[in-house]
Amino acid sequence: PTPIPVAFRRLLGRAAHPYPRGWSPGMRAGSRNRVVPRTGVFFVFLGLSGAGVLAAPPPAQQVIAAEVRRDAFVDRVEALGTLRANEMVVLTANATELVTKIHFDDGQRVEAGDVLVEMSSDEERAQLEEARAAAEEARSQYERVRPLAAQGTAAKAQYDERRREWETARARVAVVESRLADRTVRAPFPGVVGLRNLSLGALVRPGDPITTLDDDRVMKLEFSVPATYLDTLKPGLAIVAKARAYGSREFRGEIRSVDSRVDPVTRSIVARAEIPNPDRALRPGMLMTVGLLNNPRDALVIPESAIVAAGRKSFVFRIDAAAGNKVERREITVGARRAGEAEVLAGLAAGDRVVAHGTQRVRDGQAVQVLPADAATTP
């Protein structure tokens, strides 16, 4: 409250006692020291207060301001996806044999063509030597008869028979080499092997899983989105993905392909994105949250805390520095939103300052005192 001057305090004291000390109600009305009626004192006091003698202007309201800035803005579409390796396979045996050698450990990285498992192949090696010897003999017989047939001293039928025998022998060598290769399991592409599912001396059969092999240099993320976004779901669209195991870390990639069919039950479509994985942090089978970065643009951005909603309209308090930091309640058009920020489509210009904290305590036309931005975190 505004302090009351001493003179008025004295008048108020007299008003409390309408007849001063030594005076009585019967004194002459024309006396020089006429008693001031109590009601008149209050009229004088209230009149002076209304004239501004006792009242002081209210202090400026303290607020925190934010500047309207231009920033890259996108429309985010959230979805859930599952990671897959760029290439993945379950390695199995092609023949029923005993395992004689194992050349890998759990989780080892291998290159394309590396031998992982060798199986018993003594019989096939012997058959290969026999087939190669027969092929060499057939080639010699063919080479002898070929010049004779060219000179006309050997029958053409004999020449054709020797050539057929040589080609048959070569085909037999190829068959034995193929059977011998089936006794060796090799890595078809570079990657990391999984857990080993066999031991030395085990009998493996076709279809028995030996281990897994994943090419995790690039990961494929498959996710479903509503078919309403089909028009914007194109190859090359950027995405941002997060995994619960890595907290707030973001993994960026882009869509490579979109399925040709829409699911008739869920009315969604499957998209596949590729995410580089240079540090091998991502693994197949992980569940990830996907954010599609649709419609990238340059937009005006303000903090969401600066927006005051009134029905279906949105307002901000713009600070006019030229008018002594007075605020102006201005209607704006709000576009898309993201964490803690909103896009402004109309009503503000880049460089304007708006009240970001303290919007509930200011009124249109009121002067404000702008505090530093770090005051928002100060108790």
Side-chain angles (χ1 to χ4, degrees), residues 56-81 223 225-226 228-229 232 237-252 288-379:
Q61 181 64 51
Q62 294 180 338
V63 298
I64 297 176
E67 184 176 345
V68 181
R69 58 186 177 87
R70 287 198 171 272
D71 194 10
F73 212 92
V74 294
D75 297 330
R76 294 179 65 97
V77 180
E78 299 291 337
L80 291 177
F223 54 93
V225 295
T228 53
Y229 296 102
T232 60
L237 182 64
I239 68 162
V240 175
K242 292 183 180 180
R244 194 173 213 179
Y246 297 107
S248 60
R249 180 180 175 183
E250 294 183 344
F251 299 87
R252 296 184 176 270
M288 302 195 75
T289 303
V290 189
L292 300 179
L293 306 183
N294 184 32
N295 189 22
R297 59 194 180 276
D298 188 30
L300 296 177
V301 179
I302 62 172
E304 276 189 319
S305 58
I307 301 175
V308 179
R312 295 185 178 182
K313 297 182 179 181
S314 299
F315 299 87
V316 295
F317 288 100
R318 178 181 174 274
I319 301 174
D320 189 356
N325 280 350
K326 289 186 177 181
V327 296
E328 173 194 359
R329 186 171 182 263
R330 179 175 293 188
E331 183 179 356
I332 62 171
T333 303
V334 180
R337 297 177 184 249
R338 62 188 182 191
E341 294 181 328
E343 177 188 14
V344 178
L345 300 179
L348 292 173
D352 289 347
R353 289 199 307 167
V354 295
V355 176
H357 295 276
T359 55
Q360 301 300 324
R361 300 190 298 270
V362 297
R363 298 294 181 266
D364 189 16
Q366 180 182 1
V368 296
Q369 178 187 356
V370 180
L371 298 179
D374 57 357
T377 60
T378 303

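Computed from heavy atoms alone, side chains included, the values below leave out hydrogens, waters and symmetry copies.
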(request) Any chance you could lay out the side-chain contact (heavy atoms from CB on, under 4.5 Å) test for H357 and L371, step after step, and finish with the verdict? (result) CA-CA 10 Å; H357 295 276; L371 298 179; over 6 Å; no
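- At least one side-chain heavy atom of R252 sits less than 4.5 Å from a side-chain heavy atom of L293.
- Side-chain N or O atoms of E304 include none that pairs as donor or acceptor with a backbone N or O of A342 at under 3.5 Å.
- Using a 4.5 Å heavy-atom threshold, the side chains of M288 and I239 count as separate.
- Summarising the geometry of A356 relative to S305, their closest heavy-atom pair is O-OG, 2.9 Å, with the distance given to 0.1 Å.
- Considering every non-hydrogen atom in both F223 and G81, the closest pair reads CB-CA, 3.7 Å.
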(request) List the steps and the verdict of side-chain contact (heavy atoms from CB on, under 4.5 Å) for V370 and N325. (result) CA-CA 8 Å; V370 180; N325 280 350; 4.2 Å; yes
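- Between E343 and A299, the shortest heavy-atom contact is OE2-CB, 3.5 Å.
- A donor-acceptor distance shorter than 3.5 angstrom exists from the side chain of R297 to the backbone of N295, with no hydrogens or angles considered.
- Residues R338 and V301 are in side-chain contact: their nearest non-hydrogen atoms beyond the backbone lie under 4.5 Å apart.
- With rounding to the nearest 0.5 Å, the separation of CG in D352 from CZ in R69 is 14.5 Å.
- In this structure, F317 and R363 approach most closely via the heavy-atom pair CE2-C, 4.2 Å.
- Under the 3.5 Å distance criterion, the side-chain polar atoms of T359 are left unmatched by any main-chain donor or acceptor of A306.
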(request) For the pair K326 and E328, evaluate salt bridge (Lys or Arg N to Asp or Glu O under 4.0 Å) and give the outcome as yes or no after the intermediate values. (result) CA-CA 7 Å; K326 289 186 177 181; E328 173 194 359; over 6 Å; no
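- The two residues S314 and I307 come nearest to each other via the heavy atoms CB-CG2, 3.9 Å.
- The side-chain heavy atoms of R361 and Q366, taken from C-beta on, include no pair separated by under 4.5 Å.
- Closest non-hydrogen pair, G351 versus E67, comes out as CA-OE2, 3.6 Å.
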(request) Go through the steps to decide whether V68 and V344 satisfy the test side-chain contact (heavy atoms from CB on, under 4.5 Å), and finish with yes or no. (result) CA-CA 9 Å; V68 181; V344 178; 5.5 Å; no
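- The CD atom of E250 sits 11.5 Å away from the OG1 atom of T289 when rounded to the nearest 0.5 Å.
- Side-chain atoms of R329 do not come within 3.5 Å of backbone N or O of F315 as any donor-acceptor pair.
- Between the CG atom of D298 and the CZ atom of R70 there is a distance of 5.5 Å, given to the nearest 0.5 Å.
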(request) Apply the test side-chain contact (heavy atoms from CB on, under 4.5 Å) to residues I302 and I332: give CA-CA distance (whole Å), side-chain angles for both, the deciding distance (0.1 Å), then the verdict. (result) CA-CA 11 Å; I302 62 172; I332 62 171; 4.0 Å; yes
